[in-house]
Amino acid sequence: MLIIAIILFGMLIGAGAQMLLGRSASGIDWPMAFASGLLGSLVGGLLASLLAGDGLELRLSGIVGSLVGAVIVTALWQWLRGRRASSAS
């Protein structure tokens, strides 16, 4: 059950990151949301929780850190995708 909750949380955080970056008009790219949400949550959420002294508990600092991490991962992913598309042309 915990794994399902982590996957759903990651997808929601990744979708939120895409909306913050202005991707909501063309729809959510769910594979990107899944990957960026999980990576962003792992890096940003864990780092923010540990720096705030919350440990591994679910707190606001971890959620905000997860969202910031997912925004960074999503922005990098979109930049790399755009760069790869322009070099292929």
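Remember, predicted model here, so these are calculated numbers, not experimental data.
Hydrophobic clustering, with ILVMFWY side chains joined whenever heavy atoms are under 4.5 angstrom apart, keeps F9 apart from V73. Cluster membership for L39 and V71, using ILVMFWY side-chain heavy atoms within less than 4.5 angstrom, is not shared. Tracing side-chain contacts under 4.5 Å through hydrophobic residues (I, L, V, M, F, W, Y), one reaches I72 starting from V64; they form part of the same cluster. Cluster membership for I28 and I7, using ILVMFWY side-chain heavy atoms within less than 4.5 angstrom, is shared.
In this structure, CG in D29 is found 8.5 Å from CD in Q78, a value given to the nearest 0.5 Å. Atom CG in L76 sits 10.5 Å away from atom OG in S36 (nearest 0.5 Å). Taking CD of Q18 as the start and CH2 of W77 as the end, the distance is 9.0 Å to the nearest 0.5 Å.
The two residues S66 and I13 come nearest to each other via the heavy atoms O-CG2, 3.5 Å. The two atoms that bring A33 and M11 nearest to each other are CB-O, 3.9 Å, heavy atoms only.
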Show your working on side-chain contact (heavy atoms from CB on, under 4.5 Å) between L67 and L20 and close with a plain yes or no. CA-CA 10 Å; L67 188 58; L20 284 175; 3.9 Å; yes
